[in-house]
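Have a look at the structure below before the remarks.
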There are 2 protein chains.
Amino acid sequence: MANHAKLQIFSTETAKPLTYFVSRDGGSGEVSPTTRNADNTLQNPLILRLSHPVDLSSDDRAVLQAITSDTREVPRRTDIIHEGDRPDCVRVVMEGIACRYKLLRDGSRQITAFLVPGDLCNPHITRLQEMDHGIASVSPCMIVEIPPSTITKLASRHPRVIDGLVWASLADESVMREWIVGLGRRMADRNMAHLICELYTRLEAVGLVEDRSFHMPITQNELSDALGITTVHTNRTMADLRDRGLIAFEGRWLRVLDLAGLRDLGQFNPQYLHLRRQRSGSDLENGEV
Amino acid sequence: MANHAKLQIFSTETAKPLTYFVSRDGGSGEVSPTTRNADNTLQNPLILRLSHPVDLSSDDRAVLQAITSDTREVPRRTDIIHEGDRPDCVRVVMEGIACRYKLLRDGSRQITAFLVPGDLCNPHITRLQEMDHGIASVSPCMIVEIPPSTITKLASRHPRVIDGLVWASLADESVMREWIVGLGRRMADRNMAHLICELYTRLEAVGLVEDRSFHMPITQNELSDALGITTVHTNRTMADLRDRGLIAFEGRWLRVLDLAGLRDLGQFNPQYLHLRRQRSGSDLENGEV
DNA sequence: CGTTATCTTGACGACTATCAACAGTCGTGG
DNA sequence: CCACGACTGTTGATAGTCGTCAAGATAACG
């Protein structure tokens, strides 16, 4: 916990060729991490994400599709937003996995959140303030940058989209609280089970779980920095989950063999993710949220 | 970390007479925890809090003073908002200390945040959704309840107040991230030092630190549930901080004897609290944020 | 003045860290 | 095509932080 000597600083220097979309890991090898519609067009993860909390009109969807069409590649392990930056655009992860992180003076790192497709890096559109943490890609990512002016237009013409964004922001906060609970009160195996359940559920919500397995580019080293343990302990804990028959790895794909068992171990209740819209009786009567 | 058998469930049954304002702890005994102006009128912590990020006009202040005048007493250790509630008002802590918490199935509890005067319990005014965690008083508290209609009016007539509330919400998020870092990567003594620095700085921002000491109603049991350790370890760690000459207790007041040393141990950098408005060169030129 | 909550201390054990070494995979370059 | 180096995953031995259990001391409260 104290001195993590070898630190892997994220650097834009370490750019590597983008091989992420080339299936190279046996198993579900042919499947691209990005979900496709029946007609083989790409599913838009932001639309999928926002469709859970709010009812998007076809117009809302069209606008979101247009806004997110201009994606930019970010190589693996590259800062998307540096700590101290004051970003002038709202950034959305469209493909790949990223993370929020903070570095400590002793060189250790703590990841405070994982970002999956459909997640916003800096959702606080009203105040583009200085970042108190960094955001970096874990796998190669596709991201879009939305200028504040576009958000302003959305606010007047597509209020439900804004509603969805606010809702997503609340969900992110809830996830942070759950991480606090996990780091404070769950043993390593339980917390790892919980984190896997979280990723599973969030990825499923944007159509990235197929046949109970999902692409898992997060290394044990990165997992350690998220779970607050060492890589050695991460390795042993993960071997434990495998030995118990809860999960299995097929190349870089993680398959959940026993979802009920994994949820039970992690005491995972998906409610905190706020994926579904809450409706009280009166809401249903009014028809409008 | 595993089985915390004895759990102290917050219950409204345990209501006790409000003796908080009766000074009963030697030392700075005569001082009420609430700061007073020179003319002995009460300082409004919400106004103090919001004054840091934004420039409030005297009109803004007057409105805030009016809105927060109707306070309600909450006894010690009483739920202010239950998990699962869908509160119909925004609640603000005006006096005392409260906490956000989650209970685990095994009976253990994790506190995810402390609320000090000027903090909002449920700042997400646009969406009054179901609470995914509980909020309870730690000490007796005075709180106000602001109906959504009032917030709506504020939005049109006092935009800077809303700006301040949003800013405060961002600061709360940042605090959560720092707790994740602390629970994941800081040893107990460092994390305790960090938490004390956090409370010190936040209380100072609303005028509740006098002569390097502040009212500390949080018990070691509650501290344990915040730091993710046992009460036994909390006790020993706290004794350690005392023995090192960093802090001292005078009744229920915590005096910081060596602020520099405490900050160094906890590697505390107050920047993440976003107490001060950030100004770039252009901001200063424009004069308007 | 007794009862309860809170704080304190000691002994022991469990979980996790640290240190070290090695195996497997992958991309690169000869 | 193979060798090399870098990264990632794996395993063993040992040490340290922290948890558990138990008991007592102190202080608050009716």
Side-chain angles (χ1 to χ4, degrees), chain A residues 1-8 13-20 22-26 75-77 106-108 138-139 183-192 216-225 227-243 249 251-252 254, chain B residues 1-8 14-20 22-26 75-77 106-108 138-139 183-192 216-225 227-243 249-252 254:
Chain A
M1 191 173 292
N3 293 316
H4 296 247
K6 54 161 182 178
L7 168 66
Q8 199 161 29
E13 320 289 348
T14 61
K16 290 177 184 175
L18 185 61
T19 58
Y20 182 67
V22 181
S23 57
R24 58 171 193 269
D25 309 314
R76 174 170 187 260
R77 291 201 190 160
D106 67 359
S108 59
V138 171
S139 67
L183 289 165
R185 289 294 182 215
R186 272 194 274 265
M187 287 187 304
D189 56 345
R190 289 181 184 273
N191 202 25
M192 183 177 289
M216 177 67 172
I218 304 168
T219 65
Q220 291 187 357
N221 183 35
E222 288 153 348
L223 259 186
S224 311
D225 287 343
L227 297 172
I229 57 180
T230 59
T231 61
V232 173
H233 201 58
T234 294
N235 183 283
R236 291 184 169 126
T237 305
M238 186 157 274
D240 186 34
L241 296 190
R242 275 196 308 249
D243 294 346
F249 278 91
R252 278 252 169 253
L254 170 54
Chain B
M1 191 174 291
N3 294 317
H4 296 248
K6 54 161 183 179
L7 167 67
Q8 199 160 31
T14 61
K16 289 176 183 175
L18 186 61
T19 57
Y20 182 67
V22 180
S23 56
R24 58 170 192 269
D25 311 313
R76 175 171 188 259
R77 291 205 188 154
D106 66 0
S108 59
V138 171
S139 68
L183 289 166
R185 289 294 182 214
R186 272 194 275 266
M187 288 186 304
D189 55 344
R190 289 180 183 274
N191 202 23
M192 183 177 290
M216 177 69 171
I218 304 167
T219 65
Q220 292 187 358
N221 183 34
E222 288 152 348
L223 258 186
S224 311
D225 287 343
L227 297 172
I229 56 180
T230 58
T231 60
V232 173
H233 201 58
T234 294
N235 184 281
R236 292 186 167 123
T237 305
M238 184 156 274
D240 186 35
L241 297 190
R242 275 196 308 249
D243 294 345
F249 277 90
E250 297 162 359
R252 279 252 170 251
L254 170 53

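Per chain, numbering begins at 1; letters A, B, ... match sequence-line order.
When each of B/N235, B/T237, B/T234 is paired with B/Q220, the side chain to side chain donor-acceptor pair (under 3.5 Å) condition holds for B/N235 and for no other.
When all heavy atoms are compared, the tightest approach of B/G228 to B/L183 is N-CD2, 4.0 Å.
Which of D/dG12, D/dA22, C/dA17 sits closest to the side chain of A/I229 comes down to C/dA17. Of the listed nucleotides (C/dT16, C/dC7, D/dT17), C/dC7 has the atom at the smallest distance from the side chain of B/T219. Among the nucleotides D/dT8, C/dT18, D/dC21, the one closest to the side chain of A/T230 is C/dT18. Set against C/dT6, D/dC18, C/dA17, the side chain of B/A188 has D/dC18 as its closest nucleotide.
Between the CE atom of A/M192 and the P atom of C/dT16 there is a distance of 10 Å, rounded to whole Å. In this structure, A/L183 places its CG atom 14 Å from P of D/dC18, rounding to the nearest Å. The distance from atom CZ of A/R186 to atom P of D/dG19 is 16 Å, rounded to the nearest whole Å. Between the C1' atom of D/dT17 and the CZ atom of B/R185 lies a distance of 15 Å, rounded to the nearest Å. Put simply, CG on A/L223 is 19 Å from P on D/dC7, counting in whole angstrom units. Rounded to a whole Å, the CG atom of A/D225 is 11 Å from the P atom of C/dA17. We find that CZ of B/R77 is positioned 10 Å from P of C/dA5, with the value rounded to whole Å. Rounded to an integer number of Å, the gap from A/I218 CD1 to D/dT8 P is 13 Å.
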Requested in this report: Begin with the C-alpha distance, continue with both residues' side-chain angles, and end with the deciding distance and a verdict on side-chain contact (heavy atoms from CB on, under 4.5 Å) for A/R77 and A/E222.
Outcome: CA-CA 11 Å; A/R77 291 201 190 160; A/E222 288 153 348; 2.9 Å; yes
Requested in this report: Please test B/V232 against B/R236 for side-chain contact (heavy atoms from CB on, under 4.5 Å), starting from the C-alpha separation and ending with a verdict.
Outcome: CA-CA 6 Å; B/V232 173; B/R236 292 186 167 123; 3.0 Å; yes
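At the phosphate of C/dT8, OP1 or OP2 sits under 4.0 Å from a side-chain N or O atom of B/Q220. Here B/R252 reaches the OP1 or OP2 of C/dC7: one of its side-chain N or O atoms lies under 4.0 Å away. Taking 4.0 angstrom as the limit, B/N235 places a side-chain polar atom (N or O) nearer than this to OP1 or OP2 of C/dT8. Put simply, B/R242 has a side-chain N or O that comes within less than 4.0 Å of OP1 or OP2 on C/dT8. In this structure, A/R76 reaches the D/dT8 phosphate: one of its side-chain N or O atoms is under 4.0 Å from OP1 or OP2.
Side-chain contact annotation: B/N221 with B/T219, donor-acceptor N/O pair under 3.5 Å absent.
Two end axes, each from the C1' atoms of five base pairs, can be drawn for the helix from C/dC1-D/dG30 to C/dG30-D/dC1; they diverge by 40°, to 10 degrees.
At least one donor-acceptor pair closer than 3.5 Å links the side chain of B/R185 to the backbone N or O of A/I229.
Atom-to-atom distance recorded for B/I218:CD1 and B/S139:OG is 8.5 Å, nearest 0.5 angstrom. For the atom pair CG (B/D189) and NE2 (B/H233), the distance works out to 7.5 Å, reported to the nearest 0.5 Å.
The base of D/dG12 sits with one of its N or O atoms less than 3.5 Å from a complementary donor or acceptor on the side chain of A/R236.
Each of B/A239 and A/H233 was assigned the nucleotide of DNA chain C with the nearest heavy atom; the assignment lying further toward the 5' end belongs to B/A239.
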